[in-house]
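Read the structure below first, then the notes.
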Amino acid sequence: MVAPFYKLHCLLKRAQMLLLCLGIAYLMAGSILLLQRSSIRVAQPNLASLPPLWSLSAPPTALRTAGLGMRARSRWVAIQAASGGGAKAGGRHWTASRSLGVQHLHHRWFHSLLPESPEQRVSVQRSSRHKGTYIGCFLHNASDRALGGTMLYDLRKMTSSLCQDTCSESGYQFAGLEYGAECHCGNRISSPRAPEEDCSLVCRGERGSPCGGVGRLSIYKVEEQLPGHRKFRNVHYRGCFKLLKSIIGTFPVYSFQPNLTTQSCIETCTDKELPLAVFKKPHCFCTWTSSLFSLNQQSDNQQCVGNHTIASALTASTEPDHYQVYYTPVLDSRCKERMFLPQRSSSLVALSSFPGAGNTWVRHLIELVTGYYTGSFYFDGTLYNRGFKGEKDYWKSGRSICVKTHESGQKEIEMFDSAILLIRNPYRSLMAEFNRKCAGHLGHATDAQWKSKEWPEFVSSYAPWWASHAVSWLKFGRRLLVVHYEELQRDLLPQLRLITAFLNVTMTEERFLCAESNQDGHFKRSGAQRPSFDPFTPDMRQMIDSHIHAVDQALQSRNFSGLPQDYLPR
């Protein structure tokens, strides 16, 4: 009996030693890994040491540049776990299983908005080619603004070339970089120089290039282009207007050119940083937006004879006192300055819509007309990079004039004190969201994608969500303003007045006119490249039309006017 016990005792002792060795090995491996990670962080001080952007507060779960996708996803999961319920809308029209399916659809849709994780993202190509001419370091703060044109952000891949290309396309001659991630444009430098050591930050996407500092711009002169060869974005024909000579004489810039073209007139006004080019061959005037160019004063385009394309000259003189008016790519300075609310608001206002209903466009209009940033329940890096600074602010901070959301569950709705409910024709909304899923904010799906099996699956899932979203907000929303996308397109200024009154913001007439002149923004998808065939089958139309009737009845039951007449034949 002694021998078996002795063998068992020896076996247990060996097992203890083995477990002890394994534990020590595990701890050593973990320590080595920790040291290795620490050395990696120390070896890359430039990214970690960049100061945060002014007036941006991090949400409770900090959305840092590294690991952004994972953190944003974990925040979404936490919210879903806390809220529990899905959308319940419309009584007998929307069963529990349908609501649960819509909730899962929300979850999948939100993940499609998030940027790829660092492990999935292709590394940024760092170019050693430097465009333009480096001018120097300049002051850029609240009192001394070096460049007064447009601006954009890119926290992960800002380069001097990207900034210069953006400024050149927007009609500017100078490009300035700040904080390593912000790009400012302008046609004149309006502040004194600063010591070069103040512009010590490097661009996030390009090592070796100065990218400004705190309140400092590293300014470049963009590459020169021959007159008539400059390519601009956001140039639009405003219309034909009959103007008195006494009024024309008050415009701040006048140019006379015997061979004047629309292109050269637009270039002249862009260089002067004025938003309107008033053209009548051989005369070119540049001015601010004003009530002179309102829609109700527009003349018949036949009064302004000629080709309205930007690149070509007029073939004949226009009629006396009639002028062609173009919006230049320059953002009117009277509505470009934006800020967070000076005092945190205790009331949360939602800007709620179904995806594809024009939420981004309405946010752009609200920011133009109020001067305050809008927030978001989500985080979209593309929108942030294009100037929607409220994207990174915590949505409950109370610093935004309103908060974008696509949620439609009762708990998510009741978190807001009031809401602007934006509704768009479901046929247009479905096509817009399918375009976004296939080709991003500005692209278009191909005919092959419209003909694929993904499109009917998309319609069968998203069409009920369009209806349940509106019905849920009408059922659970406390204080609502219903805005129809189509009415906002037709009557922009009256609808903007309703929105600002609902937001309790008093605006000047100049601000409204400025918003009208810059209404398109950076995310207006071109109406071209539509599918070459009708993508909606008769069965799809029958289903969508039933949802339209359900939403129309829900609106009227809460004493709102019904849906616009053009949603479907009645």
Side-chain angles (χ1 to χ4, degrees), residues 150 233-241 275-277 287-301 308 325-338 349 351-354 356-374 386-388 401-402 404 419-425 428-429 432 441-442 480-527 560-561 563-567:
T150 189
R233 291 179 297 139
N234 296 334
V235 175
H236 304 289
Y237 179 62
R238 180 67 179 88
C240 179
F241 293 86
L276 283 184
T287 188
W288 308 97
T289 54
S290 74
S291 57
L292 292 172
F293 307 103
S294 61
L295 290 175
N296 58 1
Q297 296 188 19
Q298 187 173 346
S299 301
D300 186 347
N301 284 333
H308 294 162
V325 179
Y326 291 86
Y327 288 132
T328 73
V330 175
L331 177 65
D332 195 319
S333 60
R334 294 173 297 180
C335 62
K336 75 182 175 193
E337 293 297 335
R338 304 172 200 181
V349 182
L351 175 60
S352 179
S353 72
F354 174 77
N359 198 300
T360 301
W361 179 53
V362 177
R363 286 179 68 186
H364 166 73
L365 293 173
I366 290 174
E367 291 192 2
L368 283 179
V369 80
T370 66
Y372 296 119
Y373 288 118
T374 59
R386 285 297 184 179
F388 287 93
I401 191 69
C402 62
K404 163 191 173 178
I420 299 170
L421 177 59
L422 178 63
I423 301 177
R424 186 183 185 185
N425 187 314
R428 298 296 186 190
S429 293
H441 283 285
L442 298 176
L480 289 179
L481 172 68
V482 177
V483 175
H484 297 289
Y485 177 90
E486 293 77 15
E487 292 179 357
L488 191 62
Q489 282 186 313
R490 285 192 294 265
D491 301 304
L492 181 67
L493 293 186
Q495 291 294 313
L496 284 180
R497 293 184 197 279
L498 292 175
I499 291 173
T500 53
F502 183 81
L503 296 172
N504 198 26
V505 180
T506 303
M507 287 293 101
T508 64
E509 191 69 19
E510 275 193 348
R511 193 94 196 186
F512 281 108
L513 293 170
C514 182
E516 182 186 33
S517 67
N518 297 279
Q519 61 183 272
D520 286 345
H522 292 289
F523 287 96
K524 180 178 175 60
R525 185 179 281 109
S526 169
F560 288 107
S561 59
L563 293 174
Q565 293 291 325
D566 56 359
Y567 277 33

* In Å and rounded to the nearest 0.5 Å, what is the CZ to CG distance from Arg428 to Asp566? -> 9.0 Å
* To do: I would like to know whether Ile420 and Val362 meet side chain to side chain contact (heavy atoms under 4.5 Å, CB included); could you show each step before the answer?
  => CA-CA 10 Å; Ile420 299 170; Val362 177; 5.7 Å; no
* Structure fact -> Shortest non-hydrogen pair, Tyr372 vs Glu367, comes out as O-CG, 3.3 Å
* Would the number of heavy atoms belonging to other residues, nucleotides or ligands and lying under 6.0 Å from CG of Asn504 be above 12? -> no
* **Nearest atoms (heavy-atom pairs only) where Gln495 meets Glu487** => CG-O, 3.6 Å
* **Atom pair CG/CG of Leu351 and Leu481 - distance to nearest 0.5 Å** => 10.0 Å
* Asked: How long is the gap from CZ on Phe512 to CZ on Arg497, to the nearest 0.5 Å?
  -> 5.0 Å
* Measure the CG-CZ distance between Leu480 and Phe560 for me, rounded to the nearest 0.5 Å. => 5.0 Å
* Asked: Does Val483 reach the side chain of Ile499, with side-chain heavy atoms less than 4.5 Å apart?
  -> yes
* Structure fact -> Looking only at heavy atoms, the pair that brings His484 and Ser561 closest together is NE2-O, 4.4 Å
* **Side-chain heavy-atom pair Thr374, Phe388 within 4.5 angstrom cut-off** => yes
* Provide the closest heavy-atom pair for Phe502 versus Ala419 in the form atom of the first, atom of the second, distance. => CZ-O, 3.5 Å
* **4.5 Å side-chain heavy-atom contact, Pro275 and Tyr327** => no
* Within-4.5 Å side-chain heavy-atom neighbours: Ile401 and Val349 -> no
* Asked: What pair of heavy atoms forms the shortest contact from Ser429 to Arg424, and how long is it?
  -> OG-CB, 3.3 Å
* To do: Check for a donor-acceptor pair, side chain of Arg511 on one end and backbone N or O of Leu368 on the other, with a separation under 3.5 Å.
  => yes
* Contacts of type salt bridge (Lys or Arg N to Asp or Glu O under 4.0 Å), residue Arg363, not counting sequence neighbours -> Glu391
* Asked: Just how far is it from atom CD of Gln489 to atom CG of Asp491, taken to the nearest 0.5 Å?
  -> 11.0 Å
* Check: Ile366 and Leu503 side chains under 4.5 Å, non-hydrogen atoms -> yes
* Has the side chain of Glu486 got a donor or acceptor atom that lies under 3.5 Å from a matching backbone atom of Asn425? -> yes
* Minimum heavy-atom separation for Ser353 to Asn359, with atom names? -> OG-ND2, 3.0 Å
